[in-house]
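Have a look at the structure below before the remarks.
In what follows, every heavy atom counts, from backbone to side chain, and hydrogens, waters and symmetry copies are set aside.
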Amino acid sequence: MPFARFMKLALYDPAVGYYARPRRRIARDPAADFYTAPTLGPVFGDLVAAASAALLAPGAPADHPFVEIGVEPAAGPVLAGVKHPFGAVTGLGMGQSLAIPPRAVVFSNELFDAQPFHPVVRGAGAWRECGVARHGDRLEEVL
């Protein structure tokens, strides 16, 4: 199967997908899988708020809701607990509708890192797509 299909199943399948399982994935905790800048303290959120506000006209941030897509349930939005100038902060996690109001600031920290993609390699003068095949009880990368 194409690698992108394999990745979609591994990450998002309702029965076995990594992101479909209700568990704490991101935290500075040995029981979590990994941690990222937002889980270490408010500095990253402060920087995101300042950079996002700087893209808007002076005084305008209060007129714009800040919407983060791809929020981990246990971690919450990057601006949670951070002083910010926006009119509202909303975090949308997996399975939630992308209801984004007009004139919103839209941010994502991790969502685009975890999207299926089509890896290709060049060899013998041609591009070939990578895939995944099952050989007995093992999975192997194939071209």
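Side-chain contact between Gln115 and Tyr12: present, with at least one pair of heavy atoms (C-beta onward) separated by less than 4.5 Å. A 4.5 Å side-chain heavy-atom check between Pro116 and Arg5 finds every atom pair outside the cut-off.
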- request: Determine, step by step, whether Leu92 and Val71 satisfy the side chain to side chain contact (heavy atoms under 4.5 Å, CB included) criterion, reporting the C-alpha distance in whole Å, the side-chain angles of both residues, the deciding distance to 0.1 Å, and the verdict.
  value: CA-CA 6 Å; Leu92 301 174; Val71 172; 5.8 Å; no

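No continuous path of hydrophobic side-chain contacts links Val105 to Val67 [ILVMFWY only; heavy atoms under 4.5 Å]. Taken together through direct or relayed side-chain contacts under 4.5 Å among Ile, Leu, Val, Met, Phe, Trp and Tyr, Val82 and Phe44 form part of one hydrophobic cluster. Put simply, Val78 and Leu111 are part of two different groups of oily side chains (I, L, V, M, F, W, Y) that touch within less than 4.5 Å, one to the next. Phe112 and Tyr18 are not part of a single hydrophobic cluster, where members link through side-chain heavy atoms under 4.5 Å apart. Criterion: ILVMFWY side-chain heavy atoms under 4.5 Å apart, direct or through other members. Under it, Leu9 and Leu11 are part of a common hydrophobic cluster.
Note: Phe117 and Phe3 meet the aromatic proximity criterion, with ring centroids under 6.0 Å apart.
A distance of 14.0 Å separates CE of Met7 from CE of Met1, quoted to the nearest 0.5 Å. The CZ atom of Phe66 sits 4.5 Å away from atom OG of Ser52, with the distance rounded to the nearest 0.5 Å. Put simply, CG on Leu79 and CD on Glu68 are 7.0 Å apart, with the number rounded to the nearest 0.5 Å. Atom CG of Asn109 sits about 8.0 Å away from atom CD1 of Ile26, to the nearest 0.5 Å.
A pairwise comparison of heavy atoms in Phe86 and Ala53 identifies CZ-N, 3.8 Å as the closest pair. Val89 and Pro77 get closest at one heavy-atom pair: CG1-CB, 4.0 Å. Residues Arg103 and His64 approach most closely at O-CD2, 2.5 Å, considering heavy atoms. Annotation for Ile100 and Ala104: closest pair CG2-CB, 3.9 Å, computed over non-hydrogen atoms. Heavy atoms only, all atoms of each residue included: Cys130 and Leu143 are closest at SG-CD2, 3.7 Å. Between Pro61 and Leu56 the shortest heavy-atom distance is CA-CD1, 3.8 Å.
By the 6.0 Å and 45° rule, Arg25 does not stack over the aromatic ring of Tyr19.
Checking side-chain atoms of Ser108 against main-chain N and O of Ile69 turns up a donor-acceptor pair under 3.5 Å.
Other residues, nucleotides and ligands contribute over 12 non-hydrogen atoms within 6.0 Å of the CZ atom of Arg122.
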